[in-house]
Number of protein chains: 2
Amino acid sequence: MNPMKVGLLGLGVVGGGTWTVLSRNAEEIARRAGRRIEVTHIAVRDTAKAASRVGGGATITTNPHDVVRDPGIDIVVELIGGDTLARELVLEAIAQGKHVVTANKALLAKHGNEIFAAASERGVMVAFEAAVAGGIPIIKAIREGLTANRIQWVAGIINGTTNFILSEMRSRGLPFAEVLAEAQRLGYAEADPTFDVEGVDAAHKLTLLASLAFGVPVQFDKAYIEGISQLAQEDIAHAERLGYRIKLLGITRRRPEGIELRVHPALVPSTRLLANVEGPMNAVLVRGDAVGPTLYYGQGAGEEPTASAVVADLVDVTRLHTADPGNRVPHLAFQPDAMSDTPILPIEKVSTSYYLRLRVDDQPGVLADIARVLAERSISIGSMIQQPSIIGGADIIFLTHEAVEGDVNQAIARIEALPFVRSKVTRIRMETLA
Amino acid sequence: MNPMKVGLLGLGVVGGGTWTVLSRNAEEIARRAGRRIEVTHIAVRDTAKAASRVGGGATITTNPHDVVRDPGIDIVVELIGGDTLARELVLEAIAQGKHVVTANKALLAKHGNEIFAAASERGVMVAFEAAVAGGIPIIKAIREGLTANRIQWVAGIINGTTNFILSEMRSRGLPFAEVLAEAQRLGYAEADPTFDVEGVDAAHKLTLLASLAFGVPVQFDKAYIEGISQLAQEDIAHAERLGYRIKLLGITRRRPEGIELRVHPALVPSTRLLANVEGPMNAVLVRGDAVGPTLYYGQGAGEEPTASAVVADLVDVTRLHTADPGNRVPHLAFQPDAMSDTPILPIEKVSTSYYLRLRVDDQPGVLADIARVLAERSISIGSMIQQPSIIGGADIIFLTHEAVEGDVNQAIARIEALPFVRSKVTRIRMETLA
């Protein structure tokens with residue numbers, strides 16, 4: 001059978017990995033796909049560097065439009081990142097009737113609705129396994145493996161940089177800034193780490209997972225996003241003593257009133273597998289009504305792990321490209337005409353448990369006053385510890401039962417206005433994942 | 001669009017669960033599959049009982065051939081178990097041009113080659129996600145999610161009964177027989193537990209995983225199988241003190257000389273996620289050359305978790321039934337004409353590490369003599385502990401580095417013949433899973 005012809009936009013980390021894996025495992029891949037998959041056209045900035053990597057195996061150009069318009073190409077792999085030129089090229093490839101494989105979560109989280117609609121209309125596939133959790137086949141699992149289920153929630157460690165930083169902060173007792181600097185030296189964090197450490201990258205991925213789980217359009221602008229840069233070493237240590245680990249989680253949950261869509265640090269019971277995912281690894285926990293909890297774990301980034309997902313998509317497209325478009329797996333798991341308009345809940349409407357830490361004067365009546373403020377907002381206390389602070393006064397930590405975030409915010413404002421409360425309240429959400 | 005019509009053979013635990021999930025989530029499933037999936041014909045032993053469960057929703061018969069030959073049926077779901085009548089019915093369904101979904105690992109581990117060949121020839125699909133690890137989409141992950149990879153090994157906890165028993169033996173310090181009796185009371189073990197506790201069920205599943213990972217025909221008769229019924233509480237406790245947990249693992253590994261295919265108890269470092277999979281849960285760790293390690297975790301049995309996999313297969317078949325048969329996902333992950341004849345290695349050729357426990361007289365020269373026997377067979381010792389035995393003499397435990405099983409067997413025979421060795425050597429394999 002004729003080989004499948006692939007055009008590659010970008011030959012950076014993931015593009016280079018894709019070239020390497022397709023070359024090294026060409027025979028094994030062909031034994032599975034039933035035909036060879038060959039990269040024949042590559043667009044890069046530096047043609048000399050690209051030529052030294054791929055030899056004479058493919059045509060190399062600096063104009064990505066050449067690749068997208070190449071009539072010999074069946075599938076375009078978009079690995080240039082960003083959401084301006086990438087959007088233009090992906091839409092052009094679709095218009096040319098080509099299938100698209102992309103690892104670009106930012107692009108799909110923002111422009112996925114437009115891109116998937118264009119692809120459905122043109123009868124082509126846009127595959128994006130590499131956009132979430134690197135080599136872990138989590139999109140396939142949710143979109144195809146769990147189709148029997150009404151999915152209840154998804155909670156994931158979907159950013160390796162922040163998980164590496166949190167693991168190091170905990171195991172070595174170091175502050176955020178110091179570990180970040182080390183992560184940058186080791187190549188686990190970028191020179192400008194904002195997208196990772198402030199949770200934006202995780203929110204891009206979570207936006208896609210929410211659509212796949214619940215059949216809602218992608219709505220990145222509705223996601224609540226809080227990163228780890230403000231997290232104090234002290235709270236990681238307190239959490240550990242209480243039997244929890246702090247992880248940056250992406251959480252999306254179906255509620256009767258709407259869908260929660262939030263990225264933030266969270267305490268997780270240390271007995272959970274998810275709490276034991278350390279270093280740069282990723283893991284996603286999915287709960288379905290029939291299957292119960294299932295967990296998917298692996299490397300969420302890196303040259304070959306991400307290429308593993310890109311190539312799996314290439315094989316999928318190779319297998320499915322002759323199938324009747326109406327019977328293919330829908331881009332967002334649900335048929336385009338069966339999407340749901342269930343709203344995304346604002347963070348004030350989210351329900352979860354909370355870790356609250358306060359510094360107070362050590363005097364009679366303090367606990368009673370705080371407890372009253374919480375009780376007035378129906379916030380029930382699961383456990384409490386109080387200890388003298390090394391800088392005077394006392395530290396109190398409350399672990400609450402499930403409460404509504406808006407009520408908790410009001411309670412915190414009231415508590416901070418109490419005369420004996422010395423500092424802002426530290427508030428970290430807590431997830432039992434049960 | 002017309003609904004997909006399903007015939008159900010068996011309405012026991014999994015059949016009943018399939019009916020329940022298809023009914024409860026009918027709308028959500030149709031939103032994904034693009035059409036409804038309806039069970040219209042059911043074969044059972046007790047029609048009155050079945051009628052009380054499904055009401056008037058489907059035709060009920062005691063003759064499974066009626067279902068298989070029903071011209072209105074698109075997909076036959078085989079859930080009667082066993083490998084005589086089940087084989088006959090599956091082959092008949094295929095001959096009738098019907099797609100088949102089955103949870104029957106024993107059938108496929110023994111007759112898979114024949115069944116898949118018949119299905120390929122007739123251009124129909126035989127889907128079997130429910131045959132391995134219940135609701136975890138592990139077959140989809142290996143067969144479709146990791147197609148980029150040369151898979152190196154697969155190691156899994158794929159029998160919930162034995163994992164429950166081992167968890168209880170460890171956490172409560174109880175002997176095998178006592179925990180087994182409790183597992184039977186709780187419904188985690190059958191009245192005749194042989195298939196589970198002796199590793200046969202796990203070996204059926206492992207046989208399928210090996211074929212999917214390496215593209216070899218199913219060869220259940222070549223699997224090495226050792227269960228947990230001879231496992232002493234004492235060794236679980238020793239392992240824990242040494243930083244390991246004992247799990248019943250199914251392991252299949254590609255070696256230059258052939259493929260390892262083995263089920264047996266194994267020490268696993270307690271820091272590994274796999275070591276922390278407790279109770280009746282299942283987990284499978286897959287290592288690919290591009291993706292590195294990936295892990296899949298969830299409920300490996302039970303009414304609705306298993307039904308989750310059956311229904312996912314029904315949706316897959318619904319989506320793919322119009323696709324060109326040559327482009328569908330091959331039954332065993334590799335194209336039928338690209339299967340490998342790499343041999344399965346006999347257990348004597350397997351390489352792994354070992355936990356060896358001996359009871360000896362407490363006298364000079366003992367350790368030197370044993371160490372010499374091991375050294376003569378190139379078995380290198382990683383660590384050793386010796387402690388007085390409560391019944392006199394001393395217990396010695398060796399943890400070896402990787403060695404060939406045949407050499408270890410010879411060494412054990414020599415050691416047992418030494419005059420100061422009081423008992424048989426206890427030998428448990430050890431897997432670092434690195």
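Treat the numbers as computed from the prediction; the structure is a model and nothing was measured. Note on naming: letters A, B, ... go to the chains in the order of the sequence lines (proteins, then strands), and numbering restarts at 1 for each one.
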(request) Give, as side chain, backbone, both or neither, the part of V329(B) having an atom under 4.5 angstrom from any heavy atom of chain A. (result) both
(message) What I want to find out is whether E28(B) reaches R254(A) closely enough, with some N-O distance under 4.0 Å, to be called a salt bridge.
(response) yes
(request) Count the heavy-atom pairs under 4.5 Å between each of I136(B), D289(B), T322(B) and chain A, then report the option with the highest count. (result) D289(B)
(request) Heavy-atom pairs under 4.5 Å with chain A are the metric here; pick the option from T294(B), L295(B), N276(B) that has the most. (result) L295(B)
(message) Please classify the contact between N149(B) and chain A as side chain, backbone, both or neither, with a heavy-atom cut-off of under 4.5 Å.
(response) both
(request) State, to 0.1 Å, how close V277(A) and L273(B) come at their nearest heavy-atom pair, and which atoms those are. (result) CG2-CD1, 4.4 Å
(message) With a 4.5 angstrom heavy-atom cut-off, is it the side chain or the backbone of A33(A) that approaches chain B, or both, or neither?
(response) backbone
(message) At a 4.5 Å cut-off on heavy atoms, which part of D313(A) comes close to chain B: side chain, backbone, both, or neither?
(response) neither
(message) Using heavy-atom distances under 4.5 Å, tell me whether R143(A) contacts chain B through its side chain, its backbone, both, or neither.
(response) backbone
(message) Shorter than 4.5 Å, heavy atoms on both sides: which option in E27(A), Q335(A), E304(A), R32(A) has the most such pairs with chain B?
(response) R32(A)
(message) Let me confirm one number: the CZ-OG1 distance from R31(B) to T147(A), rounded to the nearest 0.5 Å.
(response) 13.0 Å
(request) Counting only heavy atoms closer than 4.5 Å, note whether L22(B) contacts chain A via side chain, backbone, both or neither. (result) neither
(request) Output the distance between atom CZ (R150(A)) and atom CD1 (I29(B)), rounded to the nearest 0.5 Å. (result) 11.5 Å
(request) For each of V286(B), V311(B), T271(B), V310(B), tally heavy-atom pairs with chain A at distances under 4.5 Å, and name the one with the top tally. (result) V311(B)
(message) Quick check on the interface: out of A283(B), G292(B), G34(B), A30(B), who has the most heavy-atom pairs with chain A under 4.5 Å?
(response) G34(B)
(request) Mind listing the closest non-hydrogen atom pair of P293(B) and Q299(A) along with its distance? (result) CD-NE2, 3.7 Å
(request) Heavy-atom pairs under 4.5 Å with chain B are the metric here; pick the option from P330(A), G302(A), A141(A), G17(A) that has the most. (result) P330(A)
(message) Once rounded to the nearest 0.5 Å, what's the spacing between atom CD of E144(A) and atom CG of L320(B)?
(response) 8.0 Å
(message) Less than 4.5 Å to any heavy atom of chain B: does that hold for the side chain of I139(A), its backbone, both, or neither?
(response) neither
(request) Against chain A, work out which of R35(B), M281(B), R319(B), R24(B) has the most heavy-atom pairs shorter than 4.5 Å and name it. (result) R319(B)
(request) Identify which of G298(B), S308(B), G135(B), G145(B) forms the greatest number of heavy-atom pairs closer than 4.5 Å to chain A. (result) S308(B)
(request) Mind listing the closest non-hydrogen atom pair of A148(A) and V21(B) along with its distance? (result) O-CG1, 3.5 Å
